[in-house]
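Beneath this line is the structure, given in structure tokens, with notes to follow.
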Amino acid sequence: MEAKPLILERTYNAPIEKVWAAITDRKQMKEWYFELDEFKAEKGFKFQFTGGDEKVQYLHECEILESDPPRKLSYSWTYPEYKGYSVLTWELFSEGEKKTRLRLTHQGLESFPQENPNFRVESFSGGWNYFVNEALPKFVETETISRHISIHALSEVIWNILLNPGGQWGKAFGENAIAKSDWNPGSNVVWTDETGDICAFGIVAEHRPGEYLQVDMYDDIDPAPGTQTGAYSEKYKLTKTNDENYVLSIEAGPLAKKDIQQHAAMWDQAVEIIRDLAEKR
């Protein structure tokens, strides 16, 4: 077998620090890569994990060979039950404030037993293509959900429904989901689930009744005093088109691409509930 490394490149719409965190933070790695008991991006740190397919799982043993945050991470990649030694290297190149190019190099694949198809370059290529071109971009790249719906009703009716999601459109996000707030600028907005547990915590950033509402959410459901809100926000805008006809526009995001489909379906249901309730009153 020709000793040729497997190399993949991909540019992500995400800052280099975010991509670095995705490949080195154990909790984040679990979301798109492998589940590890421990991980430290420090030279000499050893870790192991299992991975494979539905037919067979392989124990992997690795050791960090080089760590240069946030640009380069290199570790050995071996299987204790099989011969062979390979090295996996992640290199990150910032290509602007919000763009990062990744070059993944896996060398030494020819040292693994080639009679096992799972150790051939084609198998590794398929696996790394999935991680580099599907799983990682869906984790680090974001989108904002936008929904617009025409409603034949009074603006006061629509806005009242908007401010009272509990038992109404809130059930699109959980049967008994409730939002508690007085909706004054600067006030807290607390979403709870059917058990009363807090599932989202935000603050009213702007409110013009009957026109516009913006809620900025915290990354943590129990933010410490002085904590800044995160990037995610929800914006609601009501625009009059003619007598008793309005367009309700909602923007929610940014969200990781891996979560877009699920959340988009929830918002589709929410705006339909709002329209149906408003037009019946």
Side-chain angles (χ1 to χ4, degrees), residues 141-223 225-281:
E141 295 184 346
T142 61
E143 287 184 6
T144 294
I145 296 170
S146 296
R147 291 292 182 269
H148 308 275
I149 191 165
S150 180
I151 303 175
H152 181 70
L154 296 172
S155 64
E156 295 82 354
V157 172
I158 301 170
W159 210 253
N160 181 268
I161 293 171
L162 192 65
L163 299 184
N164 293 279
Q168 303 189 97
W169 62 274
K171 60 185 179 184
F173 302 90
E175 186 59 34
N176 295 307
I178 297 174
K180 297 179 181 178
S181 179
D182 62 16
W183 304 108
N184 291 318
S187 293
N188 292 333
V189 179
V190 182
W191 279 89
T192 57
D193 61 18
E194 66 275 8
T195 63
D197 291 337
I198 296 175
C199 51
F201 199 112
I203 190 170
V204 179
E206 185 175 352
H207 188 193
R208 301 193 300 275
E211 297 180 11
Y212 183 79
L213 171 66
Q214 178 175 333
V215 179
D216 294 341
M217 308 302 290
Y218 292 96
D219 292 334
D220 196 327
I221 60 172
D222 185 22
T227 301
Q228 298 294 312
T229 54
Y232 178 83
S233 68
E234 295 173 358
K235 301 173 183 177
Y236 307 83
K237 183 179 180 181
L238 196 58
T239 304
K240 187 174 184 179
T241 55
N242 53 53
D243 291 343
E244 295 191 10
N245 281 287
Y246 292 83
V247 171
L248 175 63
S249 301
I250 296 176
E251 288 188 2
L255 287 165
K257 285 184 175 179
K258 68 182 182 64
D259 298 322
I260 286 294
Q261 185 175 4
Q262 178 187 10
H263 284 254
M266 293 176 179
W267 282 111
D268 284 340
Q269 183 182 358
V271 296
E272 288 182 5
I273 293 173
I274 293 172
R275 179 198 59 196
D276 292 346
L277 289 173
E279 293 187 346
K280 289 178 181 176
R281 295 182 183 176

Quick one: side-chain contact (heavy atoms from CB on, under 4.5 Å) partners of [X], sequence neighbours excluded?
| X | answer |
| --- | --- |
| Pro254 | Thr142, Thr144, Ala231 |
| Asp276 | none |
| Val157 | Leu154, Ile161, Ala278, Arg281 |

Residues which pass ring-ring contact (aromatic ring centres under 6.0 Å, His included) with Phe201, listed by chain and number, not counting sequence neighbours |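 Phe201 satisfies ring-ring contact (aromatic ring centres under 6.0 Å, His included) with Tyr218 once adjacent residues are dropped.
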Which heavy atom in [X] sits nearest to a heavy atom in [Y], and how many Å separate them?
| X | Y | answer |
| --- | --- | --- |
| Ala270 | Phe173 | CB-CE1, 3.9 Å |
| Pro223 | Ile221 | CD-C, 3.5 Å |
| His152 | Glu279 | N-OE2, 2.9 Å |
| Asn245 | Asn242 | ND2-OD1, 2.6 Å |
| Ala179 | Trp191 | CB-CE2, 3.6 Å |

Side-chain donor or acceptor of Asp197 paired with backbone N/O of Asp193 under 3.5 Å =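 Here the side-chain-to-backbone pair does not exist.
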Distance from [X] atom [atom1] to [Y] atom [atom2], nearest 0.5 Å?
| X | Y | atom1 | atom2 | answer |
| --- | --- | --- | --- | --- |
| Glu141 | Ile260 | CD | CD1 | 11.5 Å |
| Met266 | Lys171 | CE | NZ | 15.0 Å |
| Ile273 | Asp268 | CD1 | CG | 11.0 Å |
| Cys199 | Ile178 | SG | CD1 | 10.0 Å |
| Leu162 | Leu248 | CG | CG | 6.0 Å |
| Gln269 | Arg147 | CD | CZ | 12.5 Å |

Step by step, work out the side chain to side chain contact (heavy atoms under 4.5 Å, CB included) result for Glu234 and Ile250.
-> CA-CA 7 Å; Glu234 295 173 358; Ile250 296 176; 5.8 Å; no
Any side-chain heavy-atom pair from Asn160 and Glu156 closer than 4.5 angstrom?
->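 Answer no - side chains too far apart.
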So do the side chains of Glu251 and Ser249 get within less than 4.5 Å of each other, counting heavy atoms only?
->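 They are not in contact (no side-chain heavy atoms under 4.5 Å apart), so the answer is no.
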Take Ile274 and Ile149 through the test side chain to side chain contact (heavy atoms under 4.5 Å, CB included) and record every step on the way to the result.
-> CA-CA 9 Å; Ile274 293 172; Ile149 191 165; over 6 Å; no
More than 12 non-hydrogen atoms from neighbouring residues, nucleotides or ligands closer than 6.0 Å to NZ on Lys237, yes or no?
->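 Result for NZ/Lys237: open.
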Would you tabulate the side-chain donor-acceptor contacts of residues 181-190 under 3.5 Å, counting partners in other chains and residues two or more places apart, or write 'none'?
unit_1, atom_1, unit_2, atom_2, d
Ser181, OG, Trp183, N, 2.9
Ser181, OG, Asn188, O, 2.9
Asp182, OD1, Asn184, N, 2.9
Asp182, OD1, Ser187, OG, 2.6
Asp182, OD2, Asn184, ND2, 3.3
Asp182, OD2, Ser187, OG, 3.4
Trp183, NE1, Leu163, O, 3.1
Ser187, OG, Asn184, O, 3.2

Hey, could you give me each pair passing salt bridge (Lys or Arg N to Asp or Glu O under 4.0 Å) that has a residue in residues 210-223? Not counting sequence neighbours.
->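 Qualifying pairs: Arg208-Glu211.
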Parallel, tilted or perpendicular for His207 and Trp159, by the 30°/60° rule?
->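 If you compare the ring of His207 with that of Trp159, the planes turn out parallel.
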